[in-house]
Amino acid sequence: MPELPEVETVRLGLHRGVAGRTVGQVTVTHPRAVRRHEAGGDDFAARLTGRTVLAARRRGKYLWLPLDSGDALTGHLGMSGQLLVVPGDSPLQKHLHVRLRFADGGRELRFVDQRTFGGLLVVPGGEPVPPLIAHIARDPLDPEFDDDAFVARLRTRRTGIKRALLDQTLVSGLGNIYADETLWRARLHGERPTDRLSRPAARRLLAHARDVLSAAVEQGGTSFDALYVSAEGVSGLFEQSLNAYGREGEPCNRCGAPIRRESFMNRSSFSCPRCQPRPRAV
DNA sequence: AGTGACGCCTGGGAGC
DNA sequence: TGCTCCCAGGCGTCAC
């Protein structure tokens with residue numbers, strides 16, 4: 001599941017692979033992939049054709065490619081989306097939805113997405129952030145992330161810590177995997193109320209989020225299967241560094257207690273029952 | 001305004 | 001073998 005480290009790995013590959021190049025032919029083979037482009041697939045293609053890609057940028061889990069027209073090709077990978085930079089004669093992927101060929105005839109950009117939660121669209125304004133993405137908070141690795149503001153906002157929330165970590169308007173980039181890893185490192189249960197966290201505890205939580213995200217970026221992200229790969233098709237290596245996520249029944253790497261799995265928001269949360277005790281019921 | 005529930009999707013695996 | 005059911009979960013939308 002692409003979260004910040006995976007999306008950042010893709011962004012780096014896009015920057016290397018398509019920045020400075022001019023778009024040639026654009027083909028949309030699955031309309032759902034461009035459903036957020038309200039003017040439709042033909043307009044989507046027309047706004048890209050002949051434009052030059054200036055860079056590859058990211059805010060949270062969103063990616064965008066600013067164009068010389070002032071628009072930006074914007075995308076979200078959702079659960080299973082991939083943006084691949086591959087030779088034009090490579091085999092067509094089963095869930096290939098959008099193809100961007102370039103005027104130079106070199107490698108092409110492909111959007112592949114099994115579950116189609118992701119998508120692409122062209123929006124006006126790529127600098128500093130497309131308005132479409134303005135509601136997404138900065139991520140903890142962003143040099144302009146405001147630690148004090150985060151701590152203050154977190155403590156005014158009336159919800160559980162994990163819910164807050166997953167709220168992309170509060171802090172971006174964390175999904176289920178890295179939220180669980182952050183909580184394990186911080187020795188906090190995800191259902192601890194945000195408004196009862198001390199300022200130092202909130203700061204420690206943020207520091208752990210930062211540590212786990214930067215370690216995962218260095219490893220190229222987490223790949224459970226072929227669904228997540230970099231733009232060059234390479235798997236990430238962080239899975240072997242996971243301490244909580246997906247480790248139900250395996251011993252905690254700190255205390256040896258078997259990692260537990262709990263149901264949360266119709267999905268799973270993994271934590272150590274000893275290091276991360278459930279909060280007492282209110 | 002903040003909070004939380006819901007629906008969108010497909011493939012793989014478990015169970016029968 | 002083949003069917004059904006369940007699970008993975010990010011995010012926009014909507015109700016309260």
Apply side chain to side chain contact (heavy atoms under 4.5 Å, CB included) to A:Val98 and A:Phe44, showing your working.
-> CA-CA 11 Å; A:Val98 180; A:Phe44 172 83; 4.0 Å; yes
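Protein chain A contacts DNA chain B from B:dT3 to B:dG11, reading 5' to 3' and using non-hydrogen atoms of the protein with a distance under 4.0 Å.
Toward the 5′ end of DNA chain B lies the nearest nucleotide of A:Thr194, the other residue of the pair A:Thr194 and A:Thr116 mapping further downstream.
Rounded to whole Å, atom C1' of C:dA8 lies 5 Å from atom CE of A:Met79. As a whole-Å value, the separation of A:Arg59 CZ from C:dG10 C1' is 18 Å. The nearest whole Å value for the distance from the CD atom in A:Glu248 to the P atom in C:dC7 is 12 Å. C:dC11 atom P lies 14 Å from atom CG of A:Leu121, rounded to whole Å. Nucleotide C:dG12 holds its C1' atom 14 Å from the CD1 atom of A:Ile133, rounded to whole Å. Rounded to whole angstrom, the span from the CD atom of A:Glu262 across to the P atom of C:dA8 amounts to 14 Å. One can place CG of A:Asp167 at 11 Å from C1' of C:dC11, the figure rounded to the nearest angstrom. The CE atom of A:Met265 sits 16 Å away from the C1' atom of C:dC7 (whole-angstrom rounding).
Checked against C:dC11, C:dG10, C:dA8, the side chain of A:Leu166 finds its nearest nucleotide in C:dG10.
Side-chain atoms of A:Ser172 never come within 3.5 Å of backbone atoms of A:Gln168 as a donor-acceptor pair (strictly under, hydrogens ignored).
In this structure, A:Arg278 pairs ionically with A:Glu262, as a charged nitrogen and a carboxylate oxygen lie closer than 4.0 Å.
Between A:Arg267 and the phosphate of C:dC7, there is no side-chain N or O to OP1/OP2 separation shorter than 4.0 Å.
Contact annotation for A:His135: backbone-only contact, meaning every heavy-atom pair under 4.0 Å involves sugar-phosphate atoms and none involves a base. In this structure, A:Arg35 reaches neither bases nor backbone, as no heavy-atom distance under 4.0 Å exists between it and the strands shown.
Judged by a 6.0 Å distance limit and a 45° cone about the ring axis, A:Arg254 is positioned over the six-membered ring of A:Trp184. Geometrically, A:Arg138 does not engage A:Phe145 in a cation-pi contact defined by less than 6.0 Å to the ring centre and at most 45° from the axis.
Taking both residues in full, the closest heavy atoms of A:Ser268 and A:Asn176 are given as O-ND2, 2.8 Å, listed atom of the first, atom of the second, then distance.
Under the 30°/60° scheme for interplanar angles, the aromatic rings of A:Tyr62 and A:His76 are found to stand perpendicular.
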